[in-house]
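Okay, structure first, notes after.
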Amino acid sequence: MLVLIANLGSTSFKYRLYRMESTEQEVLAKGGYERVTDYAAVIDDALATLQKDGVIASPDEIDAVGFKTVLGKDLSGCVVADDVCVKALDDFAAVAPAHNPPYANGIRQFAQSLPKAQLVALFETAFYQWVPQARANYALPQAWRDAGIKRYGFHGASHKFVAERSAEMLGRNDVAAVTAALYQKGPQEISGTPLRVVSCHLGGSSSVTGIYNGVAIGTSMGFSPQSGLPQNNRVGDLDSGALPYAMKTLGLTLEEAERQMTKESGLLGLSGVSNDLRDVIAAMKDGNPHAALALDHLVDSIRHWVGAFAWQMGGLDALVFTAGIGENNSDLRAAVCAGLENFGLVIDSDKNTAARAVEAELQAAHSRVKILVIPANEEQVLAREVYRKISSLS
Ligand code: AMP
């Protein structure tokens with residue numbers, strides 16, 4: 001099966017073409033375009049390039065196109081990307097203005113350019129469909145909740161991959177099988193000892209997710225990607241009272257307040273240095289106290305959420321680090337794991353320092369809790385889910 005993964009940004013289009021045999025995959029080609037203004041033109045150009053380079057004899061050979069859609073109104077999961085899906089994206093365009101319109105347009109365009117291909121959307125919210133209602137709801141009046149304001153969660157593809165892969169690494173193929181089939185079968189009972197994992201996706205955008213027996217039970221992200229951990233330039237959790245107060249006392253319009261919370265906050269806002277943690281760390285090492293505060297705030301927030309989910313699950317069997325920061329920065333991993341010996345979590349500093357962007361186990365020999373690094377590969381996750389979806393349809 002040939003599966004094209006289309007990654008659509010507000011001004012970019014990247015793609016990877018996979019040959020899928022079961023859930024094993026081979027990348028046949030990849031490419032991309034920046035500063036895109038005409039999506040129809042670049043999509044057709046990409047298909048023509050694949051043909052010209054001899055990767056495919058005709059665009060008709062492409063069986064499916066997968067889209068990592070973010071947030072749909074009243075729609076989640078791994079679904080056929082049809083008119084209902086496009087409407088769900090359009091209806092929440094105001095909540096994810098940088099993400100939803102490019103995907104809605106891209107899906108419409110692919111339906112025209114590849115009329116025979118199966119189009120599949122994997123929502124970033126999909127992994128959180130089974131989070132208990134008590135945790136998914138905010139304490140708001142009914143009208144707000146009817147308008148769709150609840151905790152959705154994001155980075156679902158990445159955390160689901162961690163759920164499946166960590167279970168495999170821990171020898172729990174029973175749990176890995178539950179996660180693998182989650183969007184086809186829903187959560188399944190596990191006999192025997194439960195598996196309690198907390199996944200830390202730490203990158204340009206970050207979140208922490210609790211995973212019980214292969215299914216997400218909660219996440220730090222909320223209604224929009226403006227919640228949970230401090231992000232590269234977005235604030236993360238903020239008391240709702242702060243927005244009206246800042247508007248009144250600083251004389252900000254709603255648009256300006258929104259811009260500052262989404263573009264000038266997070267690591268950038270606290271450090272005053274950069275939205276890239278590498279620059280923040282360099283400034284901290286040069287003695288910049290604002291950079292040190294930004295780093296401390298990030299670590300504190302990660303520990304807060306890890307602790308919350310370990311408590312909710314009645315314990316912790318594995319702590320997983322993934323994405324740009326989680327895979328590469330051993331100092332941050334050490335800081336997250338510091339002083340937790342009483343909880344049975346002890347990191348081995350040599351293993352931690354050695355692990356960079358590779359799958360690894362970092363716990364000391366006497367640590368009861370496993371500490372894992374699992375490199376993220378969201379295109380691969382998507383290709384697998386598209387394969388599973390199509391196989392379940394046929
Ligand atoms: P991602 O969003 O997963 O692509 O991660 C990208 C982010 O990872 C970048 O913004 C960097 O700030 C961060 N990053 C990558 N390598 C390191 C590192 N060695 N130390 C700290 N941050 C890093």
Side-chain angles (χ1 to χ4, degrees), residues 5 7-10 12 14 16 30 32 34 68 70 96 98-99 124 127 153-162 165 199-209 219-221 224-236 262-286 288 290-303 305 320-338 347 349 351-360 362 372-382:
I5 301 304
N7 186 338
L8 292 143
S10 45
S12 65
K14 295 184 202 130
R16 277 192 203 182
K30 54 183 167 181
E34 301 289 342
K68 190 161 65 75
V70 174
H99 297 99
E124 284 287 66
F127 194 41
F154 300 96
H155 299 136
S158 174
H159 288 298
K160 182 172 187 278
F161 181 69
V162 163
R165 186 67 200 129
S199 169
C200 304
H201 176 108
L202 309 174
S205 170
S206 301
S207 63
V208 173
T209 291
T219 185
S220 59
M221 284 281 201
S224 76
Q226 267 293 97
S227 46
L229 307 184
Q231 314 290 345
N232 57 358
N233 58 1
R234 304 194 306 272
V235 59
T262 55
K263 302 266 189 312
E264 294 184 353
S265 297
L267 294 177
L268 173 64
L270 260 187
S271 70
V273 172
S274 167
N275 63 6
D276 190 315
L277 190 66
R278 288 166 291 200
D279 302 333
V280 176
I281 290 170
M284 180 203 69
K285 288 184 176 160
D286 283 346
N288 181 329
H290 306 290
L293 176 63
L295 190 67
D296 287 349
H297 178 66
L298 175 63
V299 170
D300 187 82
S301 183
I302 298 165
R303 289 169 63 96
W305 285 101
V320 184
F321 293 96
T322 190
I325 300 171
E327 291 164 29
N328 292 300
N329 195 295
S330 55
D331 289 345
L332 182 117
R333 293 190 299 242
V336 169
C337 295
I347 196 161
S349 68
K351 288 183 192 163
N352 183 33
T353 312
R356 248 188 121 85
V358 288
E359 203 166 270
L362 310 182
L372 310 178
V373 175
I374 298 181
N377 185 342
E378 294 182 307
E379 279 82 9
Q380 176 185 310
V381 175
L382 205 65

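Each residue takes its place number in the sequence, starting with 1. Just follow the structure's listing: the first ligand is 1, and inside any ligand the first atom is 1.
In terms of heavy-atom proximity, Ala283 sits nearest to Ala291 at CB-CB, 3.8 Å. Minimum heavy-atom separation, Glu327 to Val373: CA-CG1, 4.0 Å.
Each of the atoms 1 (P), 2 (O), 5 (O), 6 (C), 7 (C) of ligand 1 lies under 4.0 Å from some heavy atom of Gly204. Within ligand 1, the atoms closer than 4.0 Å to a non-hydrogen atom of Asn329 are 20 (N), 21 (C), numbered from 1 in the order shown. Atom numbering of ligand 1 starts at 1 in the shown order; those under 4.0 Å from a heavy atom of Ala323 are 3 (O). Per-residue contacts place Asp276 under 4.0 angstrom from the following atoms of ligand 1 (heavy atoms of the residue considered): 11 (C), 12 (O).
Side-chain contact check for His290 and Ser271: no donor-acceptor pair (N or O, by modelled atom type) lies under 3.5 Å.
Distances from atom 20 (N) of ligand 1 to the protein include at least one heavy-atom value under 4.0 Å.
Ser207 pairs with exactly one of His155, Glu124, Gln231, His201 by the side chain to side chain donor-acceptor pair (under 3.5 Å) rule, that one being His155.
The shell of residues lying under 4.0 angstrom from ligand 1, judged by heavy atoms, excludes Asn232.
Contact annotation for Arg356 and ligand 1: only side-chain heavy atoms (C-beta onward) come within less than 4.0 Å of the ligand.
Looking only at heavy atoms of the protein, atom 13 (C) of ligand 1 is closest to Ile325 CG1, 3.5 Å. The nearest heavy-atom contact from the protein to atom 18 (C) of ligand 1 is Arg278 CG, 3.6 Å.
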Under the criterion salt bridge (Lys or Arg N to Asp or Glu O under 4.0 Å), I'd like the reasoning laid out for Glu379 against Lys68: C-alpha separation, chi angles, the key distance, then a yes or no.
CA-CA 8 Å; Glu379 279 82 9; Lys68 190 161 65 75; over 6 Å; no
Kindly determine whether Ser330 and Arg356 satisfy side chain to side chain donor-acceptor pair (under 3.5 Å), including the steps that lead there.
CA-CA 8 Å; Ser330 55; Arg356 248 188 121 85; over 6 Å; no
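Separating the CG atom in Leu267 from the CG atom in Asp279 is a distance of 10.5 Å, to the nearest 0.5 Å.
In terms of polar-atom proximity, defined here as any N/O pair under 3.5 Å, Gly324 does make such a contact with ligand 1.
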